[in-house]
Amino acid sequence: MYNFNAGPSMLPREVIENTAKQILDFNGVGLSLMEISHRAKYFQPVVDEAEALIKELLDVPEGYSVIFLGGGASLQFMQIPANFLIKKAGYVNTGVWAKKAQKEAKHFGEVVEVASSADKNYSYLPKSYVIPTDLDYLHITTNNTIYGTEIRKELDSPVPMIADMSSDIMSRPVDVSKYTAIYGGAQKNLAMAGVTFVIVKDDMLGKAPREIPTMLDYRTHVEKGSMFNTPPVVPIYSMLETLRWVKAQGGVKEMDRRAQERAKIVYGEIDRNKLFHGTVETEDRSVMNLCFVMNEEYAELEKPFLDFATDRGMVGIKGHRSVGGFRASCYNAMTLEGVNALVQAMKDFEAQH
């Protein structure tokens, strides 16, 4: 089976196997990872190592904390402005998740839409827009899983940025110093579903002009080392195993190289094949979520191709309903074998039709 699901998504096989072993017996203590206390002395090192590896792999500067929370990125859409929106925040609207984040921020203060690509169904990234200098922060969604666009280089922003990196974290080097916070659900490149990571700049905390409920205040979780309440123990462990794997493979630079290699193979076939075409502007294509549709004259072949690919072991390549067609999500764990199998299926289907 070749797992192209957009999320929860493919994980390295050794991550799955190692996590499964710990679920049966955690480090030989006689208890399952699923039943140990999060405050047990033998679990704290899991959190500590995961935090340290995120800082190491992303070269996180001094003055930033890494915390692990529940609630997914969707909760962060509200928690971010609760902690950081003082007077006005700016949002770049590049897709469904960016729009949802913008909507939640309006509960806490003035929000301006700095740029948008909604006019063409998010098929491109906005460019040459002016970022107001009076913003508390500029919020961006770096990778758009539904539409297949990606901001893969840091923006040149006159104000601090906050980024939802749910679906491309650990796939490339990041200049963390440009951000007040980076957050995301971990179920794409980092872990099984159930844990959310937040990288937050410590000296930006505590400035919001509102009383923040205890659980929503980042200071609560920074001070308690992600242990204020019971954290998602098994997902955090699977994250640790994934971070170990990324480091062993060569770190984020190697993940970036592999992502570019996979994308070149798949997009090359999309552009060559007479049956298909890509859905976004070439220069804005995501290397995480590769979206394509049937050419208009072959529209009736959409379901037959989906069935054809499924019979060959392709899982999760049906496109989101907002775009249609197909989506090959190629996160860090995706292999060249997988993308080559997809490309061969596209070639063979073309030959038949």
Side-chain angles (χ1 to χ4, degrees), residues 1-10 93-100 116-126 141-152 166-168 171 187-189 259-331 334-336 338-353:
M1 305 290 280
Y2 302 105
N3 187 352
F4 291 97
N5 275 313
S9 58
M10 182 180 184
N93 178 13
T94 51
V96 165
W97 303 113
K99 189 175 181 179
K100 288 185 176 182
S116 174
S117 54
D119 61 323
K120 294 185 179 179
N121 199 34
Y122 303 113
S123 61
Y124 69 98
L125 293 174
T141 304
T142 52
N143 185 72
N144 300 288
T145 55
I146 291 176
Y147 299 95
T149 61
E150 185 175 11
I151 302 170
R152 209 158 175 82
S166 293
S167 52
D168 62 351
S171 71
Q187 67 274 12
K188 316 282 189 177
N189 264 337
Q260 300 291 347
E261 183 180 17
R262 290 190 300 263
K264 184 178 180 180
I265 292 170
V266 177
Y267 282 128
E269 179 58 22
I270 291 170
D271 294 338
R272 184 210 64 79
N273 198 300
K274 293 180 181 180
L275 301 181
F276 307 101
H277 69 270
T279 59
V280 303
E281 297 293 334
T282 302
E283 67 270 20
D284 298 330
R285 285 172 163 175
S286 170
V287 300
M288 296 285 99
N289 306 100
L290 290 63
C291 298
F292 57 103
V293 295
M294 285 287 175
N295 283 320
E296 189 173 345
E297 62 268 34
Y298 298 106
E300 75 280 359
L301 294 177
E302 180 173 316
K303 187 179 186 304
F305 175 70
L306 182 62
D307 293 340
F308 181 84
T310 300
D311 288 342
R312 291 199 172 193
M314 311 299 153
V315 177
I317 66 164
K318 185 177 182 179
H320 191 274
R321 60 185 178 276
S322 301
V323 180
F326 313 99
R327 173 175 55 181
S329 296
C330 297
Y331 299 120
M334 177 53 64
T335 62
L336 284 179
V339 296
N340 284 328
L342 174 60
V343 165
Q344 191 61 49
M346 295 167 71
K347 288 179 178 179
D348 292 347
F349 192 75
E350 179 193 33
Q352 290 183 15
H353 296 276

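Along the sequence shown, residues are numbered consecutively beginning with 1.
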Minimal heavy-atom distance between I146 and C291, with the atoms involved, is O-SG, 3.7 Å
Can you label the angle between the F326 ring and the F305 ring as parallel, tilted or perpendicular, going by 30° and 60°? perpendicular
Among N143, T142, T141, which one satisfies side-chain hydrogen bond (donor to acceptor under 3.5 Å, both in side chains) with D168? T142
Shortest non-hydrogen separation from G278 to I270 and the atoms involved: N-CG2, 3.5 Å
Would the number of heavy atoms belonging to other residues, nucleotides or ligands and lying under 6.0 Å from CD of Q352 be above 12? yes
May I have all residue pairs that pass salt bridge (charged side-chain N to carboxylate O under 4.0 Å, His left out) and include part of residues 297-308, sequence neighbours excluded? K303-D307
Any non-hydrogen side-chain atom of E150 less than 4.5 Å from a side-chain atom of M288? yes
Taking D284 for its side chain and L125 for its backbone only, find out whether a donor-acceptor pair lies under 3.5 Å. yes
Without swapping roles, check the side chain of N340 against the backbone of L336 for a donor-acceptor pair under 3.5 Å. yes
Could you give the side-chain donor-acceptor pairs of residues 317-324 under 3.5 Å, partners two or more places apart or in another chain?
| unit_1 | atom_1 | unit_2 | atom_2 | d |
| --- | --- | --- | --- | --- |
| H320 | ND1 | S322 | N | 3.0 |
| H320 | ND1 | S322 | OG | 3.1 |

Test item: V287 and Q260 side chains (from C-beta on) under 4.5 Å apart, heavy atoms: yes
If you round to the nearest 0.5 Å, how far is CG of N3 from OG of S329? 9.0 Å
With rounding to the nearest 0.5 Å, note down the distance linking CZ in R262 to CG in L290. 9.0 Å
Close side-chain approach of L275 and M346, heavy atoms under 4.5 Å: no
What are the two closest heavy atoms between S116 and P126, and how far apart are they? C-CG, 3.7 Å
Side chains of T145 and R327 in contact at under 4.5 Å (non-hydrogen atoms): yes
Got a donor-acceptor contact below 3.5 angstrom from the T310 side chain to the L306 backbone? yes
May I have the step-by-step check of side-chain contact (heavy atoms from CB on, under 4.5 Å) for E281 and K120, ending in yes or no? CA-CA 11 Å; E281 297 293 334; K120 294 185 179 179; 5.5 Å; no
Parallel, tilted or perpendicular: which describes the rings of F276 and F292, with under 30° parallel and over 60° perpendicular? perpendicular
For N5 and G316, the nearest pair of non-hydrogen atoms, with its separation, is OD1-CA, 3.2 Å
Scanning both residues in full, the closest heavy-atom pair of T149 with T94 reads OG1-O, 4.4 Å
Looking only at atom types and distance, does a side-chain atom of Y331 sit under 3.5 Å from a main-chain N or O of A6, one as donor and one as acceptor? yes
Determine whether S123 and Y147 make a side-chain contact, defined as any pair of heavy atoms from C-beta on separated by less than 4.5 Å. no
Distance in Å, F4 CZ paired with L342 CG, rounded so as to fall on 0.5 Å steps: 4.5 Å
Could you check if a side-chain atom of Y267 sits within less than 4.5 angstrom of a side-chain atom of T282, using non-hydrogen atoms only? no
How far does CZ of R272 sit from CD of E350, to the nearest 0.5 angstrom? 4.0 Å
May I ask you to test the V293-H277 pair for a side-chain heavy-atom distance under 4.5 Å? yes
Applying salt bridge (charged side-chain N to carboxylate O under 4.0 Å, His left out) to K264 and E261, what does each step give before you reach the verdict? CA-CA 5 Å; K264 184 178 180 180; E261 183 180 17; over 6 Å; no
Find out whether N93 and Y122 are in side-chain contact, i.e. whether some heavy atom of one side chain is under 4.5 Å from a heavy atom of the other. yes
Start with the C-alpha gap between N273 and F349, add the side-chain angles, then the distance that decides, and say whether side-chain contact (heavy atoms from CB on, under 4.5 Å) holds. CA-CA 10 Å; N273 198 300; F349 192 75; over 6 Å; no
Atom pair OG/CZ of S286 and R152 - distance to nearest 0.5 Å: 7.5 Å
